[in-house]
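Take a look at the structure below.
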Protein chains: 2
Amino acid sequence: MANVSSVFTALSDPTRRTVLERVAERPRSVGEIAGTLPVSRPAVSQHLQVLKAAGLVVDEVQGTRRIYRIDPAGLGTVRAWLDRFWDEALEAFKADIEAQRGTDS
Amino acid sequence: MANVSSVFTALSDPTRRTVLERVAERPRSVGEIAGTLPVSRPAVSQHLQVLKAAGLVVDEVQGTRRIYRIDPAGLGTVRAWLDRFWDEALEAFKADIEAQRGTDS
DNA sequence: ACTATCTGTAAGTGTCTGCTTACGGTTAAG
DNA sequence: CTTAACCGTAAGCAGACACTTACAGATAGT
């Protein structure tokens with residue numbers, strides 16, 4: 001599953017966002033991603049697990065290596081939350097202006 | 001300033017998102033928000049500081065109390081990052097399909 | 001079978017985080 | 001000036017987090 005908290009937490013770390021961008025460019029293996037980053041390979045593996053739990057990537061075993069690709073689900077939940085929140089804020093703004101118009105001098 | 005990491009970190013905590021939603025409904029004081037939540041007032045104050053540092057709320061002193069309202073800047077940075085990332089991913093998908101079409105049997 | 005490659009996982013560590021209670025500071029009211 | 005209301009901040013603590021090294025498992029090639 002991919003709740004909102006897990007997605008935001010996954011996207012909050014800069015290294016993890018870089019890992020996600022590498023995967024977004026094209027499907028990559030763990031070692032290939034770790035080669036371009038200043039952290040160890042297990043660190044990348046753990047980051048990928050967090051991204052996978054958040055529904056941001058999916059993995060597929062290919063022989064001895066494991067290929068990760070983008071999963072649109074996670075980004076979808078972020079966009080959905082953002083849209084809903086944006087609508088709520090706009091509605092509140094409208095109600096606020098309405099109230100101000102009523103009590104204005 | 002409101003960089004991407006700070007915004008995502010601010011939105012990753014459920015309590016903090018609830019605080020933000022309370023503020024989004026209408027401008028509120030710290031004590032008013034704390035009254036509707038199962039955490040202490042200083043906790044809410046600290047949450048509001050994080051939200052303010054992320055550019056998600058702005059504060060204004062009104063006598064003895066401090067009113068917080070929504071700041072669209074933070075949500076804007078999230079939306080911008082999301083849009084840019086979405087475009088990148090789409091472009092990568094297109095390039096991937098193009099490559100597959102070239103090497104397909 | 002043996003070896004090399006690629007990866008996940010366990011264990012440990014320093015740092016950050018979310019929360020609490022205690023305290024001090026500022027403003028409005030008597 | 002004293003009092004009450006409202007708030008931020010300091011100090012402390014349990015848990016989470018990002019990272020490392022060491023180890024174990026699975027697959028491809030010889």
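Throughout, a chain's letter reflects where its sequence line sits, starting with A, and its residues are numbered from 1.
If you take CD of A:E60 and P of C:dG8, they are 13 Å apart, rounded to a whole angstrom. The interatomic distance linking B:K52 (NZ) with D:dT9 (C1') rounds to 14 Å, in whole Å. Nucleotide C:dT26 holds its C1' atom 15 Å from the CD1 atom of B:I67, rounded to whole Å. Rounded to whole Å, the distance from CZ on A:R28 to C1' on C:dT7 is 18 Å. Between the P atom of D:dA18 and the CG atom of A:L48 lies a distance of 13 Å, rounded to the nearest Å. The distance from atom CZ of B:R65 to atom C1' of D:dA4 is 13 Å, rounded to the nearest whole Å. In this structure, CD1 of B:I33 is placed 14 Å from P of C:dC19, rounded to the nearest angstrom. To the nearest angstrom, P of D:dA18 lies 13 Å from CD of A:Q49.
Considering only heavy atoms from C-beta on, A:T18 comes within 4.5 Å of A:R22 through its side chain. You'll find the side chain of B:V19 reaches within 4.5 Å of the side chain of B:L51, heavy atoms only.
Without hydrogens or angle criteria, A:R16 side chain to A:T9 main chain gives a donor-acceptor distance under 3.5 Å. Of the possible polar contacts, one joining the A:R17 side chain to the A:L11 backbone as a donor-acceptor pair under 3.5 Å is found.
Within residues 12-21 of chain B, no residue is approached by DNA chain D to less than 4.0 Å at the level of any non-hydrogen atom. Contacts between residues 36-47 of chain B and DNA chain C, defined by a heavy-atom separation under 4.0 Å, are made by B:P38, B:V39, B:S40, B:P42, B:A43, B:Q46, B:H47.
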List the steps and the verdict of side-chain contact (heavy atoms from CB on, under 4.5 Å) for B:R79 and A:D83.
CA-CA 9 Å; B:R79 184 172 290 274; A:D83 289 347; 3.0 Å; yes
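The aromatic rings of B:F8 and B:W81 sit perpendicular to each other, their planes meeting at more than 60°, with 30° as the lower class boundary.
OP1 or OP2 of D:dG8 lies within a sub-4.0 Å distance of a side-chain N or O belonging to B:Y68. Distances shown here put every side-chain N or O of B:S29 at or beyond 4.0 Å from the OP1 or OP2 atom of D:dC6.
A salt bridge links A:R84 with A:E88: at least one charged nitrogen is closer than 4.0 Å to a carboxylate oxygen.
Considering only residues two or more places apart in sequence or on other chains, B:S29 meets the side-chain contact (heavy atoms from CB on, under 4.5 Å) condition with B:E32, B:R65, B:I67. Every residue was checked against the side chain to side chain donor-acceptor pair (under 3.5 Å) condition with B:R41, not counting sequence neighbours, and none meets it. For A:V39, the side-chain contact (heavy atoms from CB on, under 4.5 Å) test picks out A:T15, A:L37, A:A43, A:V44, with sequence neighbours left out.
A continuous path of Ile, Leu, Val, Met, Phe, Trp and Tyr side chains, each step under 4.5 Å between heavy atoms, connects A:V4 with B:V7, placing both in one hydrophobic cluster.
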Spell out protein contact along nucleotides 25-30 of chain D as letters: B when the base is contacted, S when just the sugar-phosphate is, - when no protein heavy atom is under 4.0 Å; keep the 5' to 3' order.
--SS--
